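Fair warning: this is a prediction, and the values are worked out from it, not measured in the lab. For the numbers below, each heavy atom of this structure counts, side chains included, while hydrogens, waters and symmetry mates do not. Along the sequence shown, residues are numbered consecutively beginning with 1.
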Amino acid sequence: MNTRAKRLVLPLGGALVATTMIGVPLASAAQAAPAPDVKSSSLTSSGNAKAIAGYWTSSKLKSAKSYISDSTVSAKLTKTGAAKAAADGKPGTIAPTGEGGKSAGKSKNLNLPITVGKVFFVDGKGQERWCSGTSVQSKYRNLVATAGHCVYDTDTNKPFSNFVFIPGYYQGKAPWGIYVGAKVNTHDDFTVFEDYDYDYAFVNVYNGFKQTGVKEVKRSEYEAAKGFKYTEDKEISKSEFESGYEKYGELGPYWKKAADPTVETVAKPADVTSKNVDEYIATGKNGVKLTAAEVVESVYSKAPSGFENGNKFERKTVKTPISQEEYARLVKEKGNGDFLGKLEVTKDANGTEIAWFKTQYFVKKWVKTTVKELYFHTKYFVVLMADSGRLGDNVGGQGFTWNQKLGKKVFTFGYPTAAHPDGNKPYSGHTMKWCYGTTAAAPVVPTYKAEEHQAIKCAFTPGASGGPFLLQYKSSKRTGYLNGVVSLTVDSDKNNRYDRVTTPYFNGETYGIYKHAANLWTGKLPG
């Protein structure tokens, strides 16, 4: 990580901050001028949005792994002390927009907000990952708040790819659509200096997509399709293969393959004689072959002669000269029961070893190998996707607040999944969970330059990164005021159980980044 001294932060005052007013107006310009330290990065163009939405199939959503590499700081607390989270100006608030009639479910008598969900992305190593996030109020109803480390890769200095937000996510389902990221807005101190006091991001998303069905198409249509598509191999009969192969073209391809061969022990063929046995040994006949099974000397000695299974295989009993090194190796293997034969050594008149031999013993084994041909037809499918409208219109958006005093009661929501350091794993990561607590100065975490965080007591494990801290959350309306995002998960008393979640303190600078992002329009999706 880069290191540097904390820079001097001047408070944002005057028109930029309103004191405890609900519904502070946002700038009217569709493309607001950048805030002083905003880093805006493009995630994808509108032309790619449909393909990215289709990329995240239910199976991929379920198999993606939580992105916890930057949120596990137990045992990294190198010194004690509390962070110095402090306001840089007057407090302010932006009112939420709610969808009180819609629910993401209940948990312990608390209505869960449908604004909260998961963000999914592909990391710099090509792995499918996820964090938590929430819809937040904005002019164009297109804004998602999450942790900076859940969008921007500080190792490669660029955003992660295939970023989407799924509000109300539940066990691989996207009940209110999939929203593809268009632009991420972060603080320069996070993207440049990896300073977790600025570990937050505001992501503008395109209108959502909902899957409306799956359509089987011709190969040419499949190849021309720009959205999500997939193929399916269906096993068919030999007659279906032969008739389909003749008309192969747009409806194919039809193809066949050999299944894995099956080998079974069989009785001696009736026609075996001393004259034709060489054919059975060399190449086999009608799929039947005479092979050798290695045994110990005592078993070989008791075996009778003849062509039946288990009888002596005289041609395969060979005394072979070997090197001294191989002799030593086989002695060790024989001690382990891995070598079944006999080992011998020849010495000269002085007792010096001069030659080494191995003898192996075999009995007859008749086997039949069967190879079955399997027949297949490859089918082509495209996933039908429809524009489901703006994020904020569908699920609402949490309000926004900054420069609030510590000691406030807040809820935090997210999808914890990892085990505690002691191995206990109370969460699956597939369903939303919540904590309720009073904000206080967080433990200082020098590893991440986290010197100005606030925290609440919470047993969340990593996986909740990016989930919202919500002030004045009303269960009936499922809305509150965004006062932070989960950044670090901390075992503060070092008892091998996570007991705190932290967030960067939202001050006037945070409001500046938010205000810039809240006025950006993502444009229309291609028809």
Side-chain angles (χ1 to χ4, degrees), residues 61 64-74 76 113 115-124 127-136 144-155 159-160 163-167 169 181 184 186-187 190-191 194-203 398 410-421 425-435 437 442-443 445 447-450 453-456 458-470 482-492 498-506 510:
L61 295 174
K65 305 297 183 183
S66 64
Y67 191 69
I68 61 176
S69 61
D70 281 335
S71 62
T72 308
V73 298
S74 174
K76 294 181 181 178
T115 60
V116 177
K118 283 187 177 182
V119 299
F120 290 86
F121 53 90
V122 176
D123 68 15
Q127 300 296 309
E128 288 143 358
R129 302 289 188 182
W130 57 263
C131 285
S132 302
T134 186
S135 171
V136 62
V144 175
T146 187
H149 72 263
C150 295
V151 189
Y152 196 89
D153 188 344
T154 54
D155 290 333
F160 296 123
F163 182 97
V164 299
F165 173 61
I166 300 180
Y169 173 88
V184 56
T186 54
H187 197 293
F190 179 78
T191 56
E194 303 176 33
D195 188 340
Y196 271 60
D197 281 338
Y198 303 89
D199 182 26
Y200 46 75
F202 299 97
V203 181
Q398 298 297 336
V410 298
F411 284 90
T412 186
F413 299 88
Y415 293 80
T417 184
H420 286 284
K425 192 175 187 297
Y427 307 110
S428 69
H430 293 301
T431 56
M432 193 190 311
K433 301 298 179 182
W434 60 272
C435 281
V445 186
T447 308
Y448 296 97
K449 307 185 184 77
H453 276 213
Q454 59 178 335
I456 63 169
C458 178
F460 275 1
T461 61
S465 291
F469 276 56
L470 295 180
L482 185 69
N483 194 37
V485 292
V486 176
S487 175
L488 302 174
T489 309
V490 181
D491 172 12
S492 63
Y498 297 111
D499 52 44
R500 299 282 193 284
V501 289
T502 80
T503 173
Y505 180 75
F506 275 20
T510 318

Has [X] got a side-chain atom pairing as donor or acceptor with [Y]'s backbone, closer than 3.5 angstrom?
X      : Y      : value
Asp153 : Phe160 : no
Ser487 : Thr503 : no
Thr461 : Ala418 : yes
Lys433 : Ala464 : no
Ser132 : Tyr415 : yes

Going by heavy atoms in the side chains, are [X] and [Y] under 4.5 Å from each other?
X      : Y      : answer
Pro462 : Tyr498 : yes
Leu482 : Tyr200 : no
Val151 : Val119 : no
Ile456 : Val501 : yes
Cys150 : Arg129 : no
Tyr198 : Pro504 : no
Val116 : Met432 : yes
Thr412 : Leu470 : no

| said: Heavy-atom count check: over 12 atoms from other residues, nucleotides or ligands less than 6.0 Å from Lys65 NZ? | reply: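 For Lys65, atom NZ is not crowded (no more than 12 foreign heavy atoms under 6.0 Å).
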Closest approach of [X] to [Y] (non-hydrogen atoms, all atoms of both residues):
X      : Y      : answer
Gly148 : Asp199 : N-OD1, 2.9 Å
Pro113 : Phe413 : CD-CE2, 3.5 Å
Thr502 : Ala442 : CG2-CB, 3.9 Å
Ala450 : Leu488 : CB-CD1, 3.9 Å
Val490 : Pro443 : CG1-CG, 4.5 Å
Ser66  : Thr417 : OG-CG2, 3.1 Å

| query | Yes or no on side chain to side chain contact (heavy atoms under 4.5 Å, CB included) for Trp130 and Ile166, after CA distance, side-chain angles and deciding distance? | reply | CA-CA 10 Å; Trp130 57 263; Ile166 300 180; over 6 Å; no
Reported [atom1]-to-[atom2] distance for the pair [X] and [Y], which is rounded to 0.5 angstrom:
X      : Y      : atom1 : atom2 : value
Thr510 : Asp197 : OG1   : CG    : 10.0 Å
His149 : Thr186 : NE2   : OG1   : 13.5 Å
Phe120 : Tyr67  : CZ    : OH    : 15.5 Å
Thr489 : Arg500 : OG1   : CZ    : 12.5 Å
Phe411 : Cys458 : CZ    : SG    : 12.0 Å
Tyr505 : Asn483 : OH    : CG    : 7.5 Å

| Stepwise side chain to side chain contact (heavy atoms under 4.5 Å, CB included) test for Tyr448 and Glu194 | CA-CA 7 Å; Tyr448 296 97; Glu194 303 176 33; over 6 Å; no
| task | Report the C-alpha distance between Thr134 and Gln398 in whole Å, list the side-chain angles of each, state the deciding distance to 0.1 Å, and finish with yes or no for side-chain hydrogen bond (donor to acceptor under 3.5 Å, both in side chains). | result | CA-CA 8 Å; Thr134 186; Gln398 298 297 336; 4.8 Å; no
| query | Hey, mind stepping through Phe506 and Phe469 against ring pair (Phe, Tyr, Trp, His ring centres under 6.0 Å) and telling me if it holds? | reply | CA-CA 10 Å; Phe506 275 20; Phe469 276 56; 8.7 Å; no
| task | Could you walk me through whether Val136 and Val144 pass the side chain to side chain contact (heavy atoms under 4.5 Å, CB included) test, one step at a time? | result | CA-CA 6 Å; Val136 62; Val144 175; over 6 Å; no
| Check against ring pair (Phe, Tyr, Trp, His ring centres under 6.0 Å), Tyr196 and Phe190 | CA-CA 6 Å; Tyr196 271 60; Phe190 179 78; 5.4 Å; yes
| message | Leu61 vs Lys118, test: side chain to side chain contact (heavy atoms under 4.5 Å, CB included). Steps then yes/no. | response | CA-CA 10 Å; Leu61 295 174; Lys118 283 187 177 182; over 6 Å; no
| task | Could you tell me how the ring of Phe121 sits relative to the ring of Phe163: parallel (under 30°), tilted (30 to 60°) or perpendicular (over 60°)? | result |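 Because their plane-to-plane angle is under 30°, the rings of Phe121 and Phe163 count as parallel.
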